[in-house]
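Worksheet: one structure, shown below.
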Amino acid sequence: MKHVSRAASNLTQLSRIRSRGRREKASRFYAALDFPLFHFQRPFHVAGKTLKGPPFLVLPFSSHHLSLEFDSLWVQYSFRISELLSSSVHKDHKMLRTPHWYDSQVAKFPLFASPFSSHNGSSCTVASPVLDMGLKLSKQVSGSNQQGIARKTRDCVNHRTANAYGQRAQERVLEDEAPQISETSPSWKTFPGQAFPLGVSEVDSGTNFAIFSQHATAVTLCLSLPERLGRVDGGMMEFSLDRNVNKTGDIWHICIKDLPRSNVLYGYRMDGPRGWHEGHRFDSRVVLIDPYAKLVDGRRFFGDSSKKFSKFLGTYDFDSLPFSWGDNYKLPNIPEKDLVIYEMNVRAFTASESSGLDPDIRGSYLGVIEKIPHLQELGINAVELLPVFEFDEFEFQRRPNPRDHLINTWGYSTINFFAPMSRYASDGGGPLKASQEFKQMVKALHGAGIEVILDVVYNHTNEADDANPYTTSFRGIDNKVYYMLDLNNNGQLLNFSGCGNTLNCNHPVVMELIMDSLRHWVTEYHVDGFRFDLASVLCRGADGSPLSAPPVIRAIAKDSILSRCKIISEPWDCGGLYLVGRFPNWDRWAEWNGKYRDDLRRFIKGDSGMKGSFATRVSGSADLYKVNKRKPYHSVNFVIAHDGFTLYDLVSYNFKHNDANGEGGNDGSNDNLSWNCGYEGETDDSTVKAIRSRQMKNFHLALMISQGTPMMLMGDEYGHSRNGNNNSYGHDTAINHFQWGLLEARNSNHFRFFKEVIKFRRTRRVFGRDTFLEKNDVTWHEDNWHNYESKFLAFTFHDNNGGDVYMAFNAHDYFIKVPIPAAPVKRRWFRVVDTNLESPNDFVLDGVPGIKSTYNMAPYSSILLEAK
């Protein structure tokens, strides 16, 4: 088995940057790519074509007879065309020639007991003026070594099999497999089909399949019907599409009558130009996933190493009743100014045995439902799910390499943009169950008042680079359309994602794919928004150059179906296109504010010269977002995200410790802006541990009192550690799994503080403004702005009703006696927060009275006073 991985082992440091939140540091590079046009041709016309291949043949016939030669054995059948074919029928202004198939008339050639040698004499090619396709059954999903239309020089009785991911084709004689297959071989009535919608759809005449490929010259639809064929060993039928009949513009299509309405696996073989330097990567040995497949089937259990090399195929379901959202169901529709986002991984949230869940639902969508009470107690009102589109967790293990021990748990390696991750279904339930349970999860979260935002990866796919490709779909369907290429460098893939390839997002076909995908998740699954990974890639043209008004970004902002959704960009990529505060937005797009993260980390840990920047960030980053009609909530504020250190590790490690990743320490960011508080890693030193505890609370308080939209990471509410690993994408272990035992152990102190601060934010109007602060909204208790060594800042957010909130942050390593301003008229100050105090005194909701004119603040601490 030839293993492949997402990135070549010899990637440069630039392309190997996988610490996804820090990739904005990478340098920019560009290359050129031609921009093929998308067009349509309306007319239909019909031409016949031979059907080839064992274990039996169903052939369109000439008007007189056909002959086949099996070595010295001749078998001859004669038919009249009138006995087989109906006249043309006119439907929907399209001329469709409709064959009538009768079991007594179809020419079926059984497998003979005698062996057949390879034969290059008489061809089995038979011309037909009517039928438009051929049917072939093969044992393996990978099927034959077929290169398109039947060729006269090819022996028609060899059974060819090849691994679907490029293993060398193996040949065997027909009799080895024939008896089993020939006895169950059905005949199918086919029609030319229609070009739209793309993917699989039900039409009056049957099941319609439609797929785009501008440059393919031969397309074969491959079907597997396990129930109809009575087995699940991967046997497939193949339908060759006639470009003169089954093609409209750049859309290939076919309709098949009487297919089952569910439990059908399907894919495509594509052939076309082999000019690598022109950007083509066709390989007809590979069965490819339909980009518009709404469900994808593969292995059933996450991390099942016995199925490591499972094939992925599209499937569909027209049998199930529509999902019941319920009579009283409604969308939360939470205003953006009120959001508190919790970034989480579906599997890692409940995969641990410590979750206490039944093993069948650990790490599943249903597992999330079981833990909704925790989310409610924490107080967040939106979850941002790490990628839930279908991906292959074993992608790193497809070939020997230094990372072949890793299991992709983050999911930033999309196989298909429409299908929910099937192995997040409970108890290995498969793709249909995954779809249903995903909807159950969304419904349950909505019922709890929690919105669902998806982290989506439209900047690259799982198909890696040219050195070690993992071809599953787009690369084999039309590489030149779907990916950015450098045609001045032998057609090589451009890599602005750091993962080997870059999706050509502003090509009209790719843009429509993205739009259709987003709409699908909104209409079918009722999600509330999207966070776009490496969104700067979506701001590049076909040659990689930045666009000032990217069509796909504008389309997302203006789309009516997406109008209710939160849309959030990660405004950088691995090519150095850093767009924080400058992301094209049409007053709709919010952004992950990377400058907020950096400035808060530097100030809280005690860097000099950061007081002014800290003030700017907590007051809403008006320097970045006070433009046109943008709002403070368009700044998604975060200190910690899935990539990089956890909050605990941010205050416990000065350096990354990524040896377990297998990349020699070359992965992940070296610039973490962290401070270990005096000791690297775990320690029993009580002084160090006390400072770390204060610092975690300081970061959390600063995040929750800042103007803008706060986002925190799953696990930070109890102090999760990854042991200093700042790029843990490949560990399906306790490194990433939520540790419910630690949550319980720290429930009364660390967790208590975190949840109380979140709830305080959500119930105080001064923190969730939808306009930027004006002079009367804030008082800065500061006359020392230009003192580079000053690491103290105090300020008051004013409430029109007198409910002012005073906050002070001391990042010095010594005590400061802080003057406290007078409270509003007829009000007194009450201490709500002092991070230097032990729980429960570190947060007192009702407040502690008796605040005098000064307050003695401890080193590395913060306080919050409320006027009552």
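- Here the NE2-CG distance, from His280 to Leu485, works out to 9.5 Å after rounding to the nearest 0.5 Å.
- Checked by atom type, the side-chain pair Glu390/Ser422 shows a donor-acceptor distance below 3.5 Å.
- Side-chain atoms of Thr409 come within 3.5 Å of backbone N or O of Tyr729 as a donor-acceptor pair.
- Ser435 and Tyr525 share a donor-acceptor pair across their side chains, judged by distance under 3.5 Å alone.
- Every side-chain contact (heavy atoms from CB on, under 4.5 Å) that Asn490 has, sequence neighbours left out, goes to Trp276, His277, Gln492.
- The distance between the ring centers of Tyr483 and His460 does not fall below 6.0 angstrom.
- Under a 3.5 Å cut-off, the side chain of Asn501 and the backbone N or O of Thr461 do form a donor-acceptor pair.
- Looking at Ser364 and Glu437, their side chains never bring a donor and an acceptor atom within 3.5 Å of each other.
- Remark: Phe323 pairs with Trp325 by the ring pair (Phe, Tyr, Trp, His ring centres under 6.0 Å) rule, at least two apart or across chains.
- Between the side chain of Asp466 and the backbone N or O of Leu493 there is at least one donor-acceptor pair closer than 3.5 Å.
- Residues satisfying the side-chain hydrogen bond (donor to acceptor under 3.5 Å, both in side chains) test with Tyr482, not counting sequence neighbours, are none.
- Judged purely by distance below 3.5 Å, without hydrogens or angles, the side chains of Tyr268 and Ser213 never pair a donor atom with an acceptor atom.
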